[in-house]
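One structure is given here, and the rest of the page talks about it.
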Amino acid sequence: MKRSDELGRAAVGGARCQIDTDPAGGFGWRLIAHNGRVVGVSASSFADSRTCARAFGEMCAQADKAAGGVHHGPGGDGWAWWLRMPDGTAVAASSRTYERYSTCRAALGRFVGLLGQFAALEQELADLKESGEAK
């Protein structure tokens with residue numbers, strides 16, 4: 001994927017969300033940890049970066065309602081995780097496979113935890129805008 005832009009959001013614990021373009025011209029996001037590793041990626045492609053950013057924000061806001069799971073990776077090698085919203089829509093996936101099931105499950109937990117932190121930040125920013133303290 002070609003780097004397009006980063007969301008206009010502050011980083012959470014050094015993590016950040018980056019929006020990229022794919023070879024077909026669509027947009028997807030990836031969540032990058034403080035150490036530079038990609039933690040998770042969007043499960044689908046979006047028509048434009050604004051829609052992609054909105055989808056990321058909505059996913060963060062509903063992270064506590066999402067359901068995740070672990071499955072065998074492509075070709076049966078390793079383990080991969082996915083995250084679905086209550087309506088069954090897949091919204092995120094692991095960016096790589098893991099050798100151990102327990103490591104993959106823990107990575108999913110860390111990913112969901114980061115989403116919750118982004119949601120809290122978004123709420124703080126919205127509250128500041130509402131009170132007139134942020135521009």
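Residues: numbered from 1 along the sequence shown. What you see is a predicted model, and the numbers here were worked out from it, not measured in a lab. Any value given below was found using the heavy atoms of this structure, including those in side chains, with hydrogens, waters and symmetry copies removed.
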Restricting to side-chain hydrogen bond (donor to acceptor under 3.5 Å, both in side chains), what partner residues turn up for Asp87, sequence neighbours left out? Thr89

Please identify each residue that fulfils ring-ring contact (aromatic ring centres under 6.0 Å, His included) with Phe111, with sequence neighbours left out. Trp81

Heavy-atom nearest pair, Ala92 first then Ala43, reads N-CB, 3.6 Å

With sequence neighbours excluded, residues passing side-chain hydrogen bond (donor to acceptor under 3.5 Å, both in side chains) with Thr103: none

Phe56 side chain reached by Leu115 side chain, heavy atoms, under 4.5 Å: yes

Would you say that Trp29 contacts Met59 through its side chain, given a criterion of any heavy-atom pair below 4.5 Å between the two side chains? yes

Does Arg96 count as lying over the ring of Tyr98, i.e. NZ or CZ under 6.0 Å from the six-ring centre, within 45 degrees of the axis? yes

Nearest 0.5 Å, please: how far is SG in Cys52 from CZ in Phe46? 5.0 Å

Distance-only criterion, 3.5 Å: show the donor-acceptor pairs between side-chain atoms of residues 65-72 and protein atoms not counting sequence neighbours.
none

Value rounded to 0.5 Å, distance of SG in Cys104 from CD in Glu99: 12.0 Å

Kindly write out the residues that satisfy side-chain hydrogen bond (donor to acceptor under 3.5 Å, both in side chains) with Ser45, not counting sequence neighbours, or none if the list is empty. Asp22

Do you know the tightest heavy-atom contact between Gly28 and Ser42? CA-OG, 3.3 Å

Has Gln62 got more than 12 heavy atoms of other residues, nucleotides or ligands less than 6.0 Å from its CD? yes

Closest non-hydrogen atom pair, Gly73 against Thr97: CA-CG2, 3.9 Å

Rounded distance (nearest 0.5 Å) linking atom OG of Ser49 with atom CD1 of Ile19: 5.5 Å

Contact between Val112 and Leu83 at the side-chain level, heavy atoms closer than 4.5 Å - yes or no? yes

If you define the side chain from C-beta out and look only at heavy atoms, does anything of Phe118 sit under 4.5 Å from Leu31? yes

Side-chain heavy atoms of Arg110 within contact of Val39, under 4.5 Å: no

Members sharing Val38's hydrophobic cluster, built from side-chain contacts under 4.5 Å between Ile, Leu, Val, Met, Phe, Trp and Tyr, are Ile32, Val41

